[in-house]
Amino acid sequence: MAKEDPTGGAALEAARREKLRKIQQLGLDPWGGRFDGHAPIGQVRAREDEITVEPVGECETGKPPEQSGPKVRVAGRIVLQRKKGKLIFIDIRDWTGQIQLFIGQNQVGPTNWELAQCFDLGDIIGVDGELKRTKTGELTIFAEDLHFLCKALATPPAKHHGLADPELRQRMRYLDLIHGEGVLERFLRRTQIVQSIRGTLAAEGFVEVEGPTLHAIAGGAAARPFTTHHNALDIMLYLRIALELHLKRLLVGGIERVYELGRVYRNEGISPRHNPEFTMLEVYQAYGDYRTMMDLTEKIIAGAIRATGQAPRLAWGGAEIDFSLPFARKTYDEAFAEHSGVDPNDAAAVAALAEEIGLEPAGKHPDVVKSEVFEAKVEDRLAGPVFVTDYPASICPLTKRKAGQPEIAERFELFIQGMEVANAYTELNDPDLQEELFSKQLAGQAEEDSMAKMDRDFIRALRHGMPPAGGLGIGIDRLVMLLTGSQTIREVILFPLLRPEISG
RNA sequence: GAGGAUGUAGCUCAGUCGGUAGAGCAACGGACUUUUAAUCCGUAGGUCUCGGGUUCGAGCCCCGACAUCCUCACCA
């Protein structure tokens, strides 16, 4: 509804639309088009040493020394504008950097000068000019020709503050990327990390596959799934909560080194460390075991740190994490004793501690109680990086038991800053034992916490023989958090889940 | 799901004791050909998140709703 007097944002937009009209009157397209031959601003800045200063005489007062520099062409978004009479200084930015433009009325000619009057913050322009320095030494493109590439109708956020409201930053991530300090760099670094992981795995001979995201049975982890429906088949389906069971089918099928790096979905709470959809890496290696996976985990993480050009000691939220190899290793019982102060094999003492910290141990399997105490008392204190090994077998239904110690599972979890970053098993390949474990839910365990979901097809696959194997899962978002100094998962996910905006 | 905090101009934020809504940036008009968050003069811009209530009078107090953030729970 238009008001009689344009007010607020409407007035700002009206001013921009008026300039858009003027651009059209100049015979130019305010929405631009193909623009060839421009160089990334970062590369242009690197040509600074090509500028030559004429050594002729003293410079006259007020006049810069005669220089000549390379002719360059760039394109970018206007982020700052300083008008000074018949002269305009503009800072434009692309995804490699930012540079100043010098636009003088006498230097660019009447049409370009008219065009420059129509520039607003946020517009995208192209420039031809000569790379030189101003009197104050600022590297600057002295414009000779201007090209209009896109009008911004909406006003960008305050030029030096960017967006402060975390909701707006996530909802309008495009603005956050333009104006947020280090935001674009952080997401590009995420890409570097993911590329590095793929490179490490390729170098080790693994192949990447794409499993189904729609599952008839949501298996492979203990989590509540999202449900959906297929119309033609009229069946209920789940969005996958893990990659595990299909990758293991591929081990049966002879893909001996296989991984998937993709999205999984869990219908659970949202927190600084949880988003309902997140990126998971799962890797399976035939004829390996959990120790093989430990070495691989170290290679993957060390490679990712190298790829981001960082040293192995990283600052994170006031702490320093030392990623130097090898990472520390502790057994589950050692970590338990150290941080809870209770003997992990003394079930009564563990139960007493559970009672003390408000858990309700009565009627629960002792290993469930132990696991709950571990999560409550121990995990947060594992600054790491530390591999915690040898978990109670009863809480690991997809894991092979230790030879001669059936109560211990060949499993490790990698903890860093209290976060579980990786989880690996020597994979269980005994179909009879797997079937038994699928059907057994431990006493006191909530249904959604249990992996007791029978996947008959998976059992059938195991009956055809899955080679002994090591399997590894890495939470990519959390790893990226640690390698980018991000305290919340929302800083490393481009579009985290938000409630839909109420439409007015 | 529970508790706490927040919501004011396009953006960033003030707003005292309940008494006519404020600043900076952005915008508009003017001056300025080497500025660096340019400067200077002037103008305009508001459903104070929404809905009730108390009051002569509410941005402010009370109740409710919505959204976001934090902590906890669930989880990786």
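In this text the structure is predicted, and so the values were computed from the model without any measurement. The chains referred to below are lettered A, B, ... by the order of the sequence lines, with proteins before strands, and numbering in each begins at 1.
- Lys19(A) comes within 4.0 angstrom of the backbone, heavy atoms only, and of no base.
- Among the atoms of the strands shown, base atoms are found under 4.0 Å from some heavy atom of Phe142(A).
- Going from the C1' atom of rA26(B) to that of rC62(B) covers 38 Å, rounded to whole Å.
- Taking atom NZ of Lys132(A) as the reference point, atom C1' of rU34(B) lies 11 Å away to the nearest angstrom.
- At the heavy-atom level, Glu420(A) lies under 4.0 Å from the strands shown only through sugar-phosphate atoms.
- Taking the P atom of each, rA67(B) and rC28(B) are spaced 37 Å apart, rounded to whole Å.
- The distance from atom CD of Glu13(A) to atom C1' of rC11(B) is 16 Å, rounded to the nearest whole Å.
- Under 4.0 Å is where a charged nitrogen must lie from a carboxylate oxygen, and between Arg263(A) and Glu277(A) at least one such pair does.
- Looking at Glu491(A) and Arg169(A), a side-chain N of the basic residue comes within less than 4.0 Å of a carboxylate O on the acidic one, giving a salt bridge.
- Nearest to the side chain of Asp120(A), among rU68(B), rU34(B), rC28(B), sits rC28(B).
- Computed from coordinates, the Leu414(A) CG to rA76(B) C1' distance equals 13 Å when rounded to whole Å.
- Closest approach to the Pro272(A) side chain among rC28(B), rA37(B), rU71(B) is made by rU71(B) (side chain taken as heavy atoms from C-beta onward).
- Rounded to whole Å, the distance from CD on Glu181(A) to C1' on rU12(B) is 16 Å.
- Searching all strands for a Watson-Crick or G-U wobble partner of rC25(B) with both distances below 3.5 Å returns rG10(B).
- To the nearest angstrom, C1' of rA38(B) lies 14 Å from CG of Leu121(A).
- Between Glu18(A) and Arg21(A), at least one side-chain N (NZ, or NE/NH1/NH2) sits under 4.0 Å from a carboxylate O, which counts as a salt bridge.
- Atom CZ of Arg266(A) and atom C1' of rA73(B) are 17 Å apart (whole Å).
- Checking rA38(B), rU34(B), rA76(B) against the side-chain heavy atoms of Leu80(A) singles out rA38(B) as nearest.
- Applying the Watson-Crick and G-U wobble criteria (two distances, each under 3.5 Å), rU71(B) pairs with rA2(B).
- Below 30°, between 30° and 60°, or above 60°: for Phe387(A) and Phe327(A) the angle between ring planes is between 30° and 60°, a tilted geometry.
- In this structure, Arg273(A) reaches the bases: a heavy-atom distance under 4.0 Å links it to at least one base atom across the strands shown.
- There is no side-chain donor-acceptor pair under 3.5 Å between Asn275(A) and Arg490(A).
- With a 3.5 Å ceiling on both atom-pair distances, rA38(B) lacks any Watson-Crick or G-U wobble partner.
- Across rG4(B) and rC50(B), the matching P atoms stand 23 Å from one another, rounded to whole Å.
- Between Leu101(A) and the options Ile88(A), Ile78(A), Asp91(A), Ile90(A), a side-chain contact (heavy atoms from CB on, under 4.5 Å) holds for only Ile90(A).
- Distance noted for atom P between rU49(B) and rU16(B): 14 Å (whole Å).
- Using a 4.0 Å heavy-atom cutoff across all strands shown, Asn267(A) reaches no nucleic acid atom at all.
- Proximity of residues 82-90 of chain A to RNA chain B (heavy atom under 4.0 angstrom from any strand atom) is restricted to Arg82(A), Lys83(A), Lys84(A), Gly85(A), Lys86(A), Leu87(A), Phe89(A).
- Taking atom C1' on both nucleotides, rA44(B) is separated from rG7(B) by 26 Å, rounded to a whole Å.
- Picking from rC74(B), rA26(B), rC69(B) the nucleotide with the shortest atom distance to the side chain of Thr155(A) gives rA26(B).
- No engagement by Arg169(A) is indicated, since no non-hydrogen atom pair under 4.0 Å with the nucleic acid exists.
- Each of rA27(B), rU68(B), rU34(B) was ranked by its minimum atom distance to the side chain of Lys135(A); first place goes to rU34(B).
- His179(A) has its NE2 atom 13 Å from the C1' atom of rU12(B), to the nearest Å.
- Residue Gln170(A) is classed as a sugar-phosphate contact, given heavy-atom separations below 4.0 Å to backbone atoms only.
- For the pair Glu48(A) and Arg133(A), the salt-bridge criterion is met [side-chain N within less than 4.0 Å of a carboxylate O].
- Gln107(A) places its CD atom 10 Å from the P atom of rU34(B), with the value rounded to the nearest Å.
- Of all nucleotides listed (rU68(B), rC70(B), rC74(B)), rC74(B) comes nearest to the side chain of Arg224(A).
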Got a list of side-chain donor-acceptor pairs under 3.5 Å for residues 108-128 of chain A, not counting sequence neighbours?
{"residue": "Asn112(A)", "atom": "OD1", "partner": "Leu146(A)", "partner atom": "N", "Å": "3.4"}
{"residue": "Asn112(A)", "atom": "ND2", "partner": "Val108(A)", "partner atom": "O", "Å": "3.1"}
{"residue": "Asn112(A)", "atom": "ND2", "partner": "Asp145(A)", "partner atom": "OD1", "Å": "2.9"}
{"residue": "Gln117(A)", "atom": "NE2", "partner": "Trp113(A)", "partner atom": "O", "Å": "3.1"}
{"residue": "Asp120(A)", "atom": "OD1", "partner": "Lys19(A)", "partner atom": "NZ", "Å": "2.6"}
{"residue": "Asp120(A)", "atom": "OD2", "partner": "Lys151(A)", "partner atom": "NZ", "Å": "2.9"}
{"residue": "Asp123(A)", "atom": "OD1", "partner": "Ala152(A)", "partner atom": "N", "Å": "2.9"}
{"residue": "Asp123(A)", "atom": "OD2", "partner": "Asp120(A)", "partner atom": "N", "Å": "2.8"}
{"residue": "Asp123(A)", "atom": "OD2", "partner": "Lys151(A)", "partner atom": "NZ", "Å": "2.6"}
{"residue": "Asp128(A)", "atom": "OD1", "partner": "Arg73(A)", "partner atom": "NE", "Å": "2.8"}
{"residue": "Asp128(A)", "atom": "OD2", "partner": "Arg73(A)", "partner atom": "NH2", "Å": "3.0"}
{"residue": "Asp128(A)", "atom": "OD2", "partner": "His147(A)", "partner atom": "NE2", "Å": "2.6"}

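- Of the nucleotides present, none pairs with rG18(B) by Watson-Crick or G-U wobble criteria with both distances under 3.5 Å.
- Evaluation of the side chain to side chain contact (heavy atoms under 4.5 Å, CB included) rule for Thr140(A) yields Gln100(A), Phe102(A), Thr134(A), Glu138(A), Phe142(A) as partners, not counting sequence neighbours.
- rC48(B) is unpaired under the Watson-Crick or G-U wobble criterion, no partner having all donor-acceptor distances under 3.5 Å.
- Checking rC74(B), rU35(B), rG10(B) against every side-chain atom of Glu268(A), the shortest atom distance belongs to rC74(B).
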